[in-house]
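Structure first, commentary second.
Computation of the quantities below employed the complete heavy-atom set of this structure, encompassing side-chain atoms and omitting hydrogens, waters and symmetry-equivalent molecules. Everything quoted here is computed from the prediction, not taken from an experiment.
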Protein chains: 2
Amino acid sequence: MMETLRALAEPSRFQIVELLRDGPRPVGDLVHRLRLHQPQVSKHLRVLSDAGLVEARVDAQRRIYALRPEPLQELEVWLERYRRIWEGNFQRLDALLEELKDEERKSKGKKRVPTKR
Amino acid sequence: MMETLRALAEPSRFQIVELLRDGPRPVGDLVHRLRLHQPQVSKHLRVLSDAGLVEARVDAQRRIYALRPEPLQELEVWLERYRRIWEGNFQRLDALLEELKDEERKSKGKKRVPTKR
DNA sequence: TTTTTATATTCCTCTGCAAGAATATGTCTT
DNA sequence: AAGACATATTCTTGCAGAGGAATATAAAAA
């Protein structure tokens, strides 16, 4: 998880992942699309590979790199545990709106009671 | 997006986010739970705040930090575009299994034709 | 007003890591 | 066999950024 994040938190590597979303590509292709030097691309691919985000299929002298879904799935699972936060927030928002309506209905110039917590 | 990833790709900050998942907390609370020094926690909170992952409510001398869902939602949206990859992979896996069954059925010692591409 | 409490900021140092250059490895072509 | 081509690895340098220590800010308590 941390390794996945660290791998993605670098612009070039992020771009590589984005490119591989459309399908596997050989290194050279990535090189000229990203306009980076070949060694740096290889090094980034190494990091991505170590993080399990990417795997290579050997085709003669070329390596065709493809995305591995597992780490991204893991990320999604992690994120799901946060979903209740924004779902909760919508509840809060509803509550807030109701409160406001109530206030407005009751009295217009009423002092705001600071929402104690 | 990149800023979100960079902010999360640091163990202490990741932990802070995890702690805030259970609700808002003042800085001091985070300090003693993470067993970090207060200045480092404040600095991490600064980074998280700049990334929009966190916001502070002022309570006298204390700042109560809370998660902001937007960046995480954005992350989830980004991830969704990758879902079709693993859904697609299951298709591929099925295809692969069929292929293997075919090969096995036809001939056992057959030379592997390198999947030309 | 002075002191205490809570947090933020600054300055310094040190480590990790990304880019560059050169080279190694390995496979295809001739 | 000797190149040519595709990719990986190594070494070096430079810089961002994380931690430590000291200090600034600002509100509460005394």
Side-chain angles (χ1 to χ4, degrees), chain A residues 2-20 23-68 114 116-117, chain B residues 2-20 23-68 111-117:
Chain A
M2 281 307 305
E3 206 181 353
T4 302
L5 288 173
R6 286 196 42 70
L8 291 174
E10 201 282 334
S12 301
R13 284 195 296 262
F14 186 82
Q15 274 193 265
I16 290 179
V17 169
E18 289 266 279
L19 284 174
L20 292 182
R25 295 182 186 282
V27 179
D29 188 20
L30 296 170
V31 166
H32 100 275
R33 277 177 201 272
L34 298 179
R35 308 187 169 204
L36 291 180
H37 294 215
Q38 176 266 319
Q40 342 295 339
V41 172
S42 280
K43 281 185 277 189
H44 283 310
L45 285 169
R46 182 72 143 95
V47 175
L48 290 170
S49 178
D50 288 349
L53 272 161
V54 125
E55 74 189 345
R57 178 168 67 80
V58 177
D59 172 45
Q61 335 140 24
R62 307 195 292 173
R63 316 280 153 114
I64 316 290
Y65 279 87
L67 270 187
R68 289 189 64 246
K116 195 63 163 295
R117 203 239 176 337
Chain B
M2 282 306 306
E3 207 181 352
T4 303
L5 288 173
R6 288 194 43 69
L8 290 174
E10 202 281 334
S12 301
R13 284 195 295 263
F14 186 83
Q15 273 192 267
I16 290 178
V17 168
E18 290 265 279
L19 284 175
L20 293 182
R25 294 180 187 283
V27 179
D29 187 20
L30 296 170
V31 167
H32 100 274
R33 277 177 202 270
L34 298 179
R35 310 192 165 198
L36 291 179
H37 295 216
Q38 177 266 318
Q40 344 294 339
V41 172
S42 279
K43 282 186 276 189
H44 284 311
L45 285 168
R46 183 72 145 95
V47 175
L48 290 170
S49 178
D50 287 350
L53 273 160
V54 124
E55 76 189 345
R57 178 168 66 82
V58 177
D59 172 45
Q61 335 138 24
R62 308 195 291 174
R63 316 280 153 112
I64 316 289
Y65 280 85
L67 271 188
R68 289 188 63 246
K111 271 239 165 78
R112 278 226 306 126
V113 178
T115 29
K116 195 63 162 294
R117 203 245 181 326

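- Atom pair Leu34(A):CG and dG20(C):P shows a separation of 13 Å (rounding to whole Å applied).
- Scanning DNA chain D 5' to 3' for nucleotides with an atom closer than 4.0 angstrom to a non-hydrogen atom of chain B gives a first and last hit of dG17(D) to dA28(D).
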Could you pull out every donor-acceptor pair under 3.5 Å between side chains of residues 35-47 of chain A and any protein atom, sequence neighbours left out?
from, atom 1, to, atom 2, distance (Å)
Gln38(A), NE2, Ser42(A), OG, 3.1
His44(A), ND1, Arg13(A), NH1, 3.3
Arg46(A), NH1, Asp50(A), OD1, 3.1
Arg46(A), NH1, Asp50(A), OD2, 3.4

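- Residues meeting the side chain to side chain donor-acceptor pair (under 3.5 Å) test with Arg25(B), sequence neighbours left out: Asp29(B).
- Rounded to the nearest 0.5 Å, atoms CD (Glu10(B)) and CZ (Arg6(A)) are 8.5 Å apart.
- If you take CG of Leu36(A) and P of dA18(C), they are 12 Å apart, rounded to a whole angstrom.
- A search for side chain to side chain contact (heavy atoms under 4.5 Å, CB included) contacts involving Ala60(A) returns nothing, not counting sequence neighbours.
- The two residues Ile64(B) and Pro24(B) make their nearest non-hydrogen contact at CG2-CB, 3.6 Å.
- Between Leu34(B) and Leu19(B) the shortest side-chain heavy-atom distance falls below 4.5 Å.
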Give each protein N/O atom lying under 3.5 Å from an N/O atom of nucleotides 2-6 of chain C, with the pair distance.
from, atom 1, to, atom 2, distance (Å)
dT5(C), O2, Gln61(B), OE1, 3.4
dA6(C), O4', Gln61(B), OE1, 3.3

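- Counting heavy atoms from C-beta on, the side chains of Leu53(B) and Leu8(B) come closer than 4.5 Å.
- Of all heavy-atom pairs spanning Pro26(B) and Arg62(B), the tightest one is CG-NH1, 4.0 Å.
- With values rounded to the nearest 0.5 angstrom, Gln15(B) atom CD is found 11.5 Å from Leu20(B) atom CG.
- With rounding to whole Å, Met2(B) atom CE is found 11 Å from dA18(C) atom P.
- Taken residue by residue, residues 38-49 of chain B places heavy atoms nearer than 4.0 Å to DNA chain C at Gln38(B), Pro39(B), Ser42(B), Lys43(B), Arg46(B).
- Expressed to the nearest 0.5 Å, how far OG of Ser12(B) lies from CG of Leu48(B) amounts to 10.0 Å.
- For the helix from dT1(C)-dA30(D) to dT30(C)-dA1(D), the rotation axes defined at the first and last 5 base pairs enclose an angle of 10°, given to the nearest 10°.
- A donor-acceptor contact shorter than 3.5 Å is absent between the side chain of Arg68(B) and the backbone of Glu55(B).
- Evaluation of the side chain to side chain contact (heavy atoms under 4.5 Å, CB included) rule for Ala56(B) yields Arg63(B), Tyr65(B) as partners, not counting sequence neighbours.
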